[in-house]
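Counting from 1, the numbers follow the sequence of the chain as shown.
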Amino acid sequence: MADAKVIPFDDDRSRARRRPGRADGEAAAVRALPGPQEPEGGREGLPGAQGGPEAGAEAAAAAGADAGAESGAGAGSADGAGTPAGSGGWERRLAGGLAFLRRRVTGDYEVDEFGYDEELTDQVLMSLIRPLYEKYFRVEVKGVENIPAEGGALIVANHSGTLPLDGLMMQVAVHDHHPAGRHLRLLAADLVFVLPIVNELARKAGHTLACAEDAERLLRAGEIVGVMPEGFKGIGKPFGERYKLQRFGRGGFVSTALRAGVPIVPCSIVGAEEIYPMIGNAKTLARVLGFPYFPLTPTFPWLGPLGALPLPTKWTIQFGEPIPTDSYAPEAAEDPMLMFNLTDQVREQIQHTLYKLLVQRRSVFF
């Protein structure tokens, strides 16, 4: 299989536009990555700034038209027998799917420095997660307009649920509901990137290691970056401590936002705490397996694989008012008191919103 192109952050060409054709099987060119400096010309052409559902539809339509022309299908227009236009919708979908597979086989697609594959994410990964988002957890999204339409921003959210499904649901919420169709790049723990298959899928979906250097570079490139400062303390806390925020570390995410000069958007997620009620922790088994915890729930491991099925709770994700950081001087990132105050402000805003959403919801499942 041919290699994919590696594109720099400052490439301002649309992801939806097809690349110039090359012979099947020809290896894609690898382009040098830019330095950590901020790219010139803004961020309009970067993955996450554009290329939402509309751009994905345009790309699929263009691919379908190309493949249809090559195969003589002509699904979207009248044929020689007078077939009315639009009668071959299934043919367009088939042609688009075949064109997608051809690009995957020939390497005629693009990835960025971190391995993010926007086309695969839009057309495959989001399609796999979306039924869980829409039908199973029935996620309600509020305040998505608080995420900037362009430029970088750091979304800071609470973390819970035993398994990190809340991060995936937040990614779909931004992807499907933001007016500008933006993409969310999550910062994940190192455990994610040592697990087989999970590592590759996380990279393809645009996620990267939770370190200050990667986060700052993404933010300076104009990306929407998501972080959950509670880490394993939040996701692995007992059910009795649900919706009680754990410590937010040392405020490293605030320092990163200050250096990049981007706003911080608090995010509160209700519903994830109850999908796997963690009533115990097999610490010895966790140490043997190299996990931060090994959850015991009312169904797992007692029911085997069936016990790994999450409960169908009703979710709400609310994005709060952004907290600007561009008014601070560059050296403010080294001020521990300022970082403490901003970290506490973000944490209190998330906690207050969690309590408000809990009061408003009718039931855990409805």
Side-chain angles (χ1 to χ4, degrees), residues 1-19 26-39 43 45-52 55-56 59 100-130 152-155 164-165 167-172 174-175 181-228 256 260:
M1 181 179 295
D3 295 331
K5 303 180 188 70
V6 177
I7 56 174
F9 278 132
D10 58 353
D11 190 337
D12 59 359
R13 291 168 295 183
S14 171
R15 298 289 190 273
R17 188 178 302 140
R18 290 286 306 280
R19 303 286 294 182
E26 181 180 349
V30 177
R31 300 181 56 184
L33 295 172
Q37 67 274 13
E38 185 173 1
R43 182 64 185 89
L46 295 169
Q50 294 180 355
F100 172 79
L101 291 176
R102 182 182 62 191
R103 291 194 297 274
R104 309 314 294 186
V105 171
T106 61
D108 190 17
Y109 60 94
E110 300 173 338
V111 297
D112 73 5
E113 174 192 11
F114 296 96
Y116 174 45
D117 188 332
E118 184 173 344
E119 181 185 48
L120 182 69
T121 299
D122 287 348
Q123 298 193 25
V124 178
L125 301 182
M126 287 293 105
S127 299
L128 294 175
I129 302 173
R130 194 171 287 117
L154 183 65
I155 298 179
L165 297 181
L168 298 179
M169 296 303 105
M170 187 167 63
Q171 184 181 13
V172 179
V174 174
H175 181 276
R182 305 208 63 178
H183 294 74
L184 177 65
R185 310 288 293 270
L186 289 169
L187 303 179
D190 53 0
L191 178 62
V192 172
F193 300 103
V194 299
L195 295 175
I197 302 177
V198 174
N199 168 34
E200 184 69 17
L201 290 176
R203 291 290 185 187
K204 292 290 187 182
H207 311 321
T208 190
L209 188 65
C211 66
E213 293 78 12
D214 285 359
E216 186 174 349
R217 187 164 187 187
L218 285 169
L219 290 170
R220 289 187 181 277
E223 297 283 1
I224 299 295
V225 178
V227 63
M228 296 171 165
T256 301

Completion exercise
Closest non-hydrogen atoms of Ala189 and Leu209, given as atom of the first, atom of the second and distance, are C-CD1, 4.2 Å

Problem - Side-chain heavy atoms of Glu223 within contact of Leu184, under 4.5 Å - result: no

Exercise for the section: Would you give the length of the straight line joining atom CG of Leu168 to atom CG of Leu125, rounded to the nearest 0.5 angstrom? Expected result: 10.0 Å

Handout entry: Inter-residue atom distance Arg220.CZ - Thr256.OG1, 0.5 Å rounding
Key = 10.0 Å

Handout entry: Closest contact, heavy atoms only, Leu219 versus Ala260
Key = CB-CB, 3.8 Å

Handout entry: Interatomic distance, Arg185 atom CZ to Leu218 atom CG [nearest 0.5 angstrom]
Key = 5.0 Å

Completion exercise
side-chain contact (heavy atoms from CB on, under 4.5 Å) filter on Ala210, not counting sequence neighbours, yields Leu187

Handout entry: Shortest non-hydrogen separation from Ala202 to Phe193 and the atoms involved
Key = CB-CE2, 4.0 Å

Problem - Separation between CE of Met126 and OG1 of Thr121, rounded to the nearest 0.5 Å - result: 6.0 Å

Practice task
Would you check if Val192 and His207 make a side-chain contact, meaning some heavy-atom pair closer than 4.5 Å?
Solution key: no

Fill in the blank from the handout: Value for CG (Leu191) from CG (Asn199), rounded to nearest 0.5 Å, stands at 10.5 Å

Handout entry: Side chains of Asp112 and Glu118 in contact at under 4.5 Å (non-hydrogen atoms)
Key = no

Practice task
Drop me the distance from Tyr109's OH to Asp117's CG, to the nearest 0.5 angstrom.
Solution key: 6.0 Å

Handout entry: Side-chain heavy-atom pair Val124, Lys204 within 4.5 angstrom cut-off
Key = no

Practice task
Please examine the side chains of Arg104 and Leu120, heavy atoms only from C-beta on, and report whether any two atoms are closer than 4.5 Å.
Solution key: yes

Handout entry: Atom CD1 of Ile197 with >12 non-hydrogen neighbours under 6.0 angstrom
Key = no

